[in-house]
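Here the structure comes first, spelled out in structure tokens, and everything after it is commentary.
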Amino acid sequence: MIDLWFVIIAFLWTGYFVLEGFDFGVGLLAPFVSADGEEQRQSLQTIGPVWDGNEVWLITAVGAMFAAFPAWYAGMFSGFYLPVVLVLVGLIVRGVGLEWRGKVADPAWCDLGIVVGSALPAFVWGTVFADLLYGSAGAALLGGAFSLSVCLLHGAVFLALRTEGPVRRRARTAALAASVVVIPVAVVALSSMGSAPALVALGLLAAATVLVFMRREGWAFTAMAAAIVLVSVAVFSQLRGAPLPGLTLAEAASGPYTLTMLTWIGLIALPFVLGYQGWTYWVFRKRVQVATVPPR
């Protein structure tokens, strides 16, 4: 049961990183790949139907940690109290910006909130997990730079996949520009991990760049998602031995009865959550055009 719930929690965090990763990237890039208000609405419409659903993965991951591994939850979120507060502030500011942008006369402050609210979590989560692995400020900063740059590339590829016209062309250009930063940072961050999943992830990041250049955005997005999954596998594989310094997984876990009850609840609820989110992405799978974006 302990290993099962560790895998479930790793799966939930991985889903969050993959889905919110392009959310954050789109939020960061929307003002820069859009020439006017209509194009910016086109860019943000690509995540409009799904961004709040993507945040459910974070809530579920944290809730599962609280129930299955309370000592891990307590140690992680008390030890990283300030970074977690920054993440929450960023998510709140971003949510307000996305919801209010079409309801105010001057959306400039909403756009700023979306950019800042996307950048904060994208950077901070990288610092938190790098600190958990290596326990040093230098590694934390490198982890933050890596996660932020990957989100930029992931968001640019997603925009190129989901839009038409000038925004699509600028998104491809942004993806190629972001790769100039992502690849060197990834070489340093992932090669230091020394695991096979991390090294394969590095190759997939490079492949995504080539695929964007070839205008194969669908395959590029698949490569980006796979790279993030493999990085997450590498991270949680290292955390399995000691999720916190001096704390084993068995010591962090709840009792057998609690884990058994959680398993039954998860077996009932998880398929519905996955099915609903998959259906949402299927419904909103078409490219977004300026002509189809609702007026502000």
Side-chain angles (χ1 to χ4, degrees), residues 9-32 40-41 43-67 72-74 76-104 107-132 140-141 143-156 158-159 162 224-225 228 231-232 235 273 276-277 280-281 284:
I9 288 168
F11 170 75
L12 293 170
W13 276 106
T14 301
Y16 173 70
F17 294 144
V18 171
L19 299 176
E20 279 279 78
F22 68 73
D23 269 6
F24 294 148
V26 170
L28 285 162
L29 289 170
F32 306 103
Q40 189 154 350
R41 288 198 299 275
S43 299
L44 293 175
Q45 185 63 27
T46 62
I47 62 171
V50 298
W51 69 267
D52 49 354
N54 292 343
E55 290 185 356
V56 172
W57 287 79
L58 174 63
I59 297 169
T60 309
V62 172
M65 286 179 66
F66 173 78
W72 183 17
Y73 167 89
M76 178 175 171
F77 288 96
S78 60
F80 295 99
Y81 184 81
L82 179 57
V84 170
V85 169
L86 290 176
V87 167
L88 291 176
V89 169
L91 293 177
I92 290 169
V93 169
R94 183 182 70 135
V96 171
L98 287 168
E99 291 293 339
W100 280 86
R101 191 180 188 281
K103 301 178 176 66
V104 295
W109 67 269
C110 294
D111 295 336
L112 178 62
I114 294 168
V115 172
V116 173
S118 299
L120 270 177
F123 179 79
V124 170
W125 282 129
T127 67
V128 168
F129 279 92
D131 202 338
L132 280 175
L141 290 175
F146 172 72
S147 61
L148 179 60
S149 60
V150 167
C151 285
L152 275 170
L153 180 56
H154 198 26
F158 183 76
L159 275 173
R162 289 295 319 283
M224 285 299 306
I228 294 170
V231 172
S232 185
V235 169
V273 174
Y276 171 76
Q277 188 141 39
T280 302
Y281 277 95
F284 296 102

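Heavy-atom basis, side chains included; hydrogens, waters and symmetry copies ignored.
- A 4.5 Å side-chain heavy-atom check between Phe123 and Leu141 finds at least one atom pair inside the cut-off.
- Rounding to the nearest 0.5 Å places SG of Cys110 at 10.5 Å from CG of Leu44.
- Between the CD1 atom of Ile47 and the CG atom of Leu98 there is a distance of 5.5 Å, given to the nearest 0.5 Å.
- The shortest side-chain heavy-atom distance between Val50 and Thr280 falls under the 4.5 Å cut-off.
- By the side chain to side chain donor-acceptor pair (under 3.5 Å) test, Trp57 pairs with Gln277, sequence neighbours left out.
- Scanning all heavy atoms of the two residues, the minimum distance from Leu12 to Ala61 falls at CB-CB, 3.7 Å.
- In Trp100, the CH2 atom is not crowded: 12 or fewer heavy atoms of neighbouring residues, nucleotides or ligands sit closer than 6.0 Å.
- One finds the OG1 atom of Thr14 at 11.5 Å from the CD1 atom of Ile9 (value rounded to the nearest 0.5 Å).
- Taking all atoms of both residues into account, the shortest heavy-atom contact from Cys151 to Ala122 is SG-CB, 3.9 Å.
- The shortest distance between side-chain heavy atoms of Phe24 and Leu152 does not fall below 4.5 Å.
- In this structure, the side chains of Leu91 and Pro121 come closer than 4.5 Å at one or more pairs of heavy atoms.
- In Tyr281, the OH atom is crowded: over 12 heavy atoms of neighbouring residues, nucleotides or ligands sit closer than 6.0 Å.
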Ser43/Leu159 under side chain to side chain contact (heavy atoms under 4.5 Å, CB included): CA gap, chis, key distance, verdict: CA-CA 7 Å; Ser43 299; Leu159 275 173; 4.0 Å; yes
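- With hydrogens and angles ignored, the 3.5 Å screen pairs a side-chain donor or acceptor of Ser78 with a backbone N or O of Ala74.
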Would you please test Leu148 and Leu28 for side chain to side chain contact (heavy atoms under 4.5 Å, CB included) and show each step? CA-CA 10 Å; Leu148 179 60; Leu28 285 162; 3.8 Å; yes
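- In this structure the side chain of Met76 reaches within 4.5 angstrom of the side chain of Val128, judged on heavy atoms.
- A centroid separation of less than 6.0 Å is found between the aromatic rings of Phe17 and Phe129.
- Applying the salt bridge (Lys or Arg N to Asp or Glu O under 4.0 Å) rule to Asp111 yields the partners Arg101; only residues at least two apart in sequence or on another chain are considered.
- Taking every heavy atom of both residues into account, Gly143 and Ala130 meet most closely at CA-CB, 3.9 Å.
- Arg94 meets the side chain to side chain donor-acceptor pair (under 3.5 Å) test with Glu20, Glu55; sequence neighbours excluded.
- Taking the side chain as every heavy atom from C-beta outward, Val26 and Thr46 approach each other to under 4.5 Å.
- When atom types are taken as modelled, the side chain of His154 and the backbone of Met224 share no donor-acceptor pair closer than 3.5 angstrom.
- Considering all non-hydrogen atoms of both residues, Gly27 and Val115 come closest at O-CG2, 3.6 Å.
- Considering Ile92, Val85, Leu86 in turn, Val85 is the only one that fulfils the side-chain contact (heavy atoms from CB on, under 4.5 Å) rule with Val89.
- Across Leu29 and Gly155, no two heavy atoms sit closer than the pair CD1-C, 4.1 Å.
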Would you check, one step at a time, whether the test side chain to side chain contact (heavy atoms under 4.5 Å, CB included) holds for Leu19 with Trp51? CA-CA 8 Å; Leu19 299 176; Trp51 69 267; over 6 Å; no
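- When ring centroids are compared, Phe77 and Tyr73 come within the 6.0 Å threshold.
- Here the CH2-CE distance, from Trp13 to Met65, works out to 6.5 Å after rounding to the nearest 0.5 Å.
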Stepwise side chain to side chain contact (heavy atoms under 4.5 Å, CB included) check, Thr60 with Tyr16: CA-CA 9 Å; Thr60 309; Tyr16 173 70; over 6 Å; no
